[in-house]
Amino acid sequence: MTSILILNGPNLNLLGTRQPEVYGSTTLNDIEHMCIATAKELGCALAFHQENSEGALVDLIHAARGTHDGIILNAGAYTHTSIALMDAISSVELPVIELHLSNTLAREEYRHTSYISKVALGIICGFGAAGYGHALRAMAQHLETSE
Ligand code: DQA
């Protein structure tokens, strides 16, 4: 069975109360439940994690090799700073979809740079919590056609 890992970076544990005008009022727990339902519909296994520290995210990306077939990554602010996450993705050679709730390109200039985009299969941003479902469907379809 195809297995997809969804990784969430710093401050995403605060979704629901964190700047709801930017990120919406859905909590990460709600998003996880939506993702579980979508993965079931798609016939995929799913793992869902959130970590605030960069090293923990690097470790989870390393551990994904041989365990999962693809990664959906909302790296939060590390998107704009982390060469370590970019290198981890290049090292494991798994397809990665970069995901953001907000449209980062329509926001502050420092959010326009993404180290993740350079090594990602594709990017989904600006659709709020629904973006997680879009990313899961896109990854499932990609994995199905690249088998
Ligand atoms: C975010 C966008 C990032 O710029 C920000 O630092 C986040 C959340 C998003 O999902 O819109 O923490 O990744």
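Counting convention: from 1, in listed order, for ligands and their atoms alike.
Residue Arg65 comes nearest to Val92 through the heavy atom pair NE-O, 3.7 Å, listed as atom of the first residue, atom of the second, then distance. Nearest heavy atoms, Ala75 versus Leu85: CB-CD1, 4.0 Å.
Within the model, atoms CD1 of Ile124 and CG of Leu136 stand 9.0 Å from one another, a figure rounded to the nearest 0.5 Å.
Inclusion of Arg111 in the set of residues having an N or O under 3.5 Å from an N or O of ligand 1 is warranted. Residue contacts with ligand 1: Leu12 is placed with no nitrogen or oxygen under 3.5 Å of a nitrogen or oxygen of the ligand (distance criterion only).
With a heavy-atom cut-off of 4.0 Å, Leu101 touches ligand 1 through backbone and side chain alike. Of the heavy atoms in Asn11, none comes closer than 4.0 Å to ligand 1.
Under a 4.0 Å heavy-atom criterion, Thr79 is not in contact with ligand 1.
For ligand 1, the atoms sitting less than 4.0 Å from at least one non-hydrogen atom of Thr104 are 2 (C), 4 (O), numbered in the order shown with element in parentheses. Those atoms of ligand 1 with a heavy atom of Tyr23 less than 4.0 angstrom away are 5 (C), 7 (C), 8 (C), 9 (C), 11 (O).
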* Go through the steps for Leu12 and Asn74 under the test side chain to side chain contact (heavy atoms under 4.5 Å, CB included), then give the verdict. => CA-CA 9 Å; Leu12 293 168; Asn74 184 348; 3.5 Å; yes
* Between Lys118 and Glu98, does a salt bridge (Lys or Arg N to Asp or Glu O under 4.0 Å) hold up when you go through it step by step? -> CA-CA 10 Å; Lys118 298 179 194 304; Glu98 176 181 350; over 6 Å; no
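Nearest-residue assignment for atom 3 (C) of ligand 1 (options Gln19, His80, Arg18; heavy-atom criterion): His80.
Ser102 OG, 2.6 Å is the protein heavy atom nearest to atom 11 (O) of ligand 1. Counting only heavy atoms of the protein, atom 1 (C) of ligand 1 lies nearest to His100 ND1, 3.7 Å.
Of the options Asn8, Leu5, Ile6, a side chain to side chain contact (heavy atoms under 4.5 Å, CB included) to His49 is made by Leu5 and by none of the others.
Ring geometry, Phe48 versus Tyr132: the interplanar angle falls from 30° to 60°, so the pair is classed tilted.
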